[in-house]
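For reference, the structure is listed below as structure tokens.
These numbers come from the heavy atoms of this one structure, side chains and all, not from hydrogens, waters or symmetry mates.
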Amino acid sequence: MAADSRLGSHISSSWDVWSDFIDPFELGVCALIAVGVFVFVKLRGGRAAEHIHLPLREFNKGHSFSPTDLFAYPSYCNICEENVVEGFRCDACGTVTHAVKCAQVAHAQIRCKALSSFGPIMKHHTIKGNLPLNSMCCVCFKECGHAPRLCDFRCVWCKRTLHEDCLPQLPEECDLGPHKQFIIPPNGVKVKLVGIRPRRQTVVNSVRPPEAADWTPLIVIGNRKSGSGDSAAIMGTFRRVLNPGQVIDVNSVKPEEVLDWINLLPEYTCRILVCGGDGTVGWILNTIEKLKLNPRPAVAILPIGTGNDLSNVLGWGATVALPIDIDALFDRIARAKLCKVDRWAVEVRTYTRIGIPLSPPKSFISNNYCSMGVDALVTLNFHRKREQIPKFFASRYMNKFLYFSYGTMDVLERACYNLNEKVSLECDGKAIELPTMEGIVFLNIPSWGAGVDVWNLNRGAALPQEIDDGYFEVFALYSSFHIAQMQVGLSTPHRLCRAKSATLTLHKSNVPMQVDGEPWEQGPGVIRIKFDNQALLLSAKGL
């Protein structure tokens, strides 16, 4: 009892001392703030771990007007109704204006194509005028939209056209037209607000699928920095057909956010159309693998990059012709077959001359090929110059010309001469004897150097190279001139082996290296290549 009494008196005296310095009200406020911060951090962290939402900030800005130098057919301003020769056109709904002032008015007066209009039925969204040539009224089956003025109407979803007098007879429900199997209906998209002010934002909450047996929603992912800069116009073409939220630029929205559509539709196999080069395709495939999406979406490719080797192998072509025939493209996507492509993990460890690691190992994923030496040098020189003057590299044909120029320069310089004296190679645990060479390539697909089936050059009836057999092919390059000869079929590669794994050791000096078009200068170190996984893609071969 005496001990308890002394303890109580000690606590009381201690509180008396601290009470002179601490205000109980301030202490309560501090406690509330601490609890609030803890709850905020836990809630925010929990949400990020559970789900990455697709934000709608890029789709809630009204019309997306693009300048048009010359319209393909007679067009009239949707505001002042005057004839327009050069002006602006909305990528999503096709609203036309002839001046910036009219475009500003259009934002307030004309409703654009909506990502979400949650409701029981899908309704038509009609806009006046600017019908395609030879349009027919879907009600009376007579020609419409041919008068030299802003006249008659069109639905931005199903693309039906009709006379102004026939508008009352148009059924209320819209069937989304001939490409409905690829469209996410806006009346099935439900949105919600997430976050805490002032960072609160609208995101897609859920999707109600349409009642259609063959519904396979298509997500179009573009990269406006690819190739000749055609991506903006191409994505505008898709926005006029699909739900605007299905067509996304990865420079504005993160790939992880784009792929939220897949999480929202777990019972359906979505298809993804990547508009870009090999780099953009690899970026999206890496994101799909990182998110562990189930079911995995199948990926098709629209080749608008500088390097389109994977697209060429899968039958989507080496380049795309503009303007795009959207009907033919969607038909090919609908009939394309599923295929798998091997993907290889490339681990790069860099060491000092005395064997001390300089930094943690770097990891890459290769879909096409990785190489060291002369062809990587050309890619590295091109990449450095593009970083310095990006506007100079806006043309795909100029890019190819510059690749040729850098390759020609190396014929004289021979910067990678006697690479075989600087490296050693093991494949599947066996040492490989190297010839006198300036480059070495580890090839996964039957397309290299912008379309050359290099492994099968002059092989006769030998078995063709496969993209899903768990093997990669290894060959040596003698020089830049050797590369030029193979480009036109006048020479063959020095084939070393086929393997499931490889270890390439660089013993001295710095040598250019690249993985799927991403180049760097590699110092002494060890490069290990092994199987990682298989990607699910769509093949249009034979279609």
Side-chain angles (χ1 to χ4, degrees), residues 59-60 62-65 71-84 87-98 102-191 208-212 215 236-237 239-246 326-327:
F59 314 106
N60 290 336
H63 295 284
S64 176
F65 285 111
F71 288 91
Y73 48 84
S75 301
Y76 301 87
C77 178
N78 280 93
I79 301 300
C80 66
E81 301 191 6
E82 293 182 5
N83 185 33
V84 179
F88 298 90
R89 181 185 197 142
C90 177
D91 290 339
C93 69
T95 295
V96 174
T97 63
H98 79 283
C102 289
Q104 294 172 345
V105 175
H107 282 293
Q109 293 188 0
I110 301 177
R111 182 169 59 94
C112 189
K113 203 173 182 181
L115 181 149
S116 172
S117 58
F118 196 75
I121 65 170
M122 177 66 202
K123 296 182 179 180
H124 289 282
H125 178 179
T126 56
I127 290 182
K128 187 176 182 179
N130 300 312
L131 277 59
L133 297 175
N134 302 319
S135 294
M136 300 293 292
C137 177
C138 65
V139 175
C140 68
F141 303 103
K142 294 181 180 179
E143 188 177 7
C144 61
H146 62 280
R149 56 184 173 84
L150 191 74
C151 63
D152 300 333
F153 285 83
R154 56 187 171 83
C155 176
V156 299
W157 290 105
C158 65
K159 309 305 176 187
R160 286 184 172 85
T161 56
L162 69 162
H163 296 107
E164 186 169 357
D165 295 338
C166 297
L167 191 60
Q169 302 177 52
L170 182 68
E172 183 182 18
E173 188 170 0
C174 176
D175 66 359
L176 297 174
H179 304 303
K180 59 185 177 182
Q181 75 175 101
F182 295 120
I183 301 175
I184 298 177
N187 69 304
V189 178
K190 196 172 184 178
V191 300
R208 184 182 65 220
E211 297 178 358
W215 190 58
T237 302
R239 285 193 185 100
R240 285 191 282 274
V241 178
L242 304 173
N243 187 317
Q246 294 176 242
I326 204 81
D327 296 329

* To do: Just do the side chain to side chain contact (heavy atoms under 4.5 Å, CB included) check on S116 and V191 with the steps written out, would you?
  => CA-CA 7 Å; S116 172; V191 300; 3.8 Å; yes
When rounded to the nearest 0.5 angstrom, what distance separates [atom1] in [X] from [atom2] in [Y]?
| X | Y | atom1 | atom2 | answer |
| --- | --- | --- | --- | --- |
| C102 | F65 | SG | CZ | 9.5 Å |
| C93 | R154 | SG | CZ | 7.0 Å |
| L131 | K159 | CG | NZ | 11.5 Å |
| I121 | E173 | CD1 | CD | 5.5 Å |
| N243 | I183 | CG | CD1 | 8.5 Å |

Look only at the side chain of [X] and the backbone of [Y], and say whether a donor-acceptor pair between them is shorter than 3.5 Å.
| X | Y | value |
| --- | --- | --- |
| Q246 | I184 | yes |
| S75 | Y73 | yes |
| S64 | D91 | no |

| query | What do the steps show when you test D175 against R160 for salt bridge (Lys or Arg N to Asp or Glu O under 4.0 Å), and what is the final call? | reply | CA-CA 10 Å; D175 66 359; R160 286 184 172 85; 2.7 Å; yes
Q) For atom CZ of R240, is the number of surrounding heavy atoms from other residues, nucleotides or ligands below 6.0 Å larger than 12? A)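 More than 12 within 6.0 Å, yes.
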If you count heavy atoms of other groups shown closer than 6.0 angstrom to CZ of R208, is the number above 12?
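Count over threshold, so yes.
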Ring pair (Phe, Tyr, Trp, His ring centres under 6.0 Å) pairs touching residues 133-185, sequence neighbours excluded, are H179-F330, F182-F330
The side-chain contact (heavy atoms from CB on, under 4.5 Å) partner of C174 among K180, H124, H125 is H124
Practice item. Check whether the ring centres of F88 and H63 lie less than 6.0 Å apart, and answer yes or no. Key: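 Not close enough - the centres of the two rings lie 6.0 Å or further apart.
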Exercise: identify the closest heavy-atom pair between [X] and [Y]:
| X | Y | answer |
| --- | --- | --- |
| D152 | G145 | OD2-N, 2.7 Å |
| V84 | H98 | CG2-CB, 3.3 Å |
| G129 | L150 | CA-CD1, 3.6 Å |
| Q109 | I79 | OE1-CD1, 4.0 Å |
| D165 | Q169 | O-NE2, 4.4 Å |
| C144 | L162 | SG-N, 4.0 Å |

Taking the side chain as every heavy atom from C-beta outward, state whether L133 and P74 have any atom pair closer than 4.5 Å.
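Side chain of L133 against side chain of P74, heavy atoms only: contact under 4.5 Å found.
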- Please step through side chain to side chain contact (heavy atoms under 4.5 Å, CB included) for the pair C77 and V96, ending with a clear verdict. CA-CA 5 Å; C77 178; V96 174; 5.6 Å; no
### Task
Could you tell me whether E172 and K123 make a salt bridge, using a distance below 4.0 angstrom between a side-chain N and a carboxylate O?
yes
Residues pairing under side chain to side chain donor-acceptor pair (under 3.5 Å) where one sits in residues 127-143, two or more places apart or in two chains, turn out to be N78-N130
Could you go through L170 and T126, starting from their C-alpha distance and side-chain angles, then the distance that decides it, and tell me whether this counts as side chain to side chain contact (heavy atoms under 4.5 Å, CB included)?
CA-CA 10 Å; L170 182 68; T126 56; 4.2 Å; yes
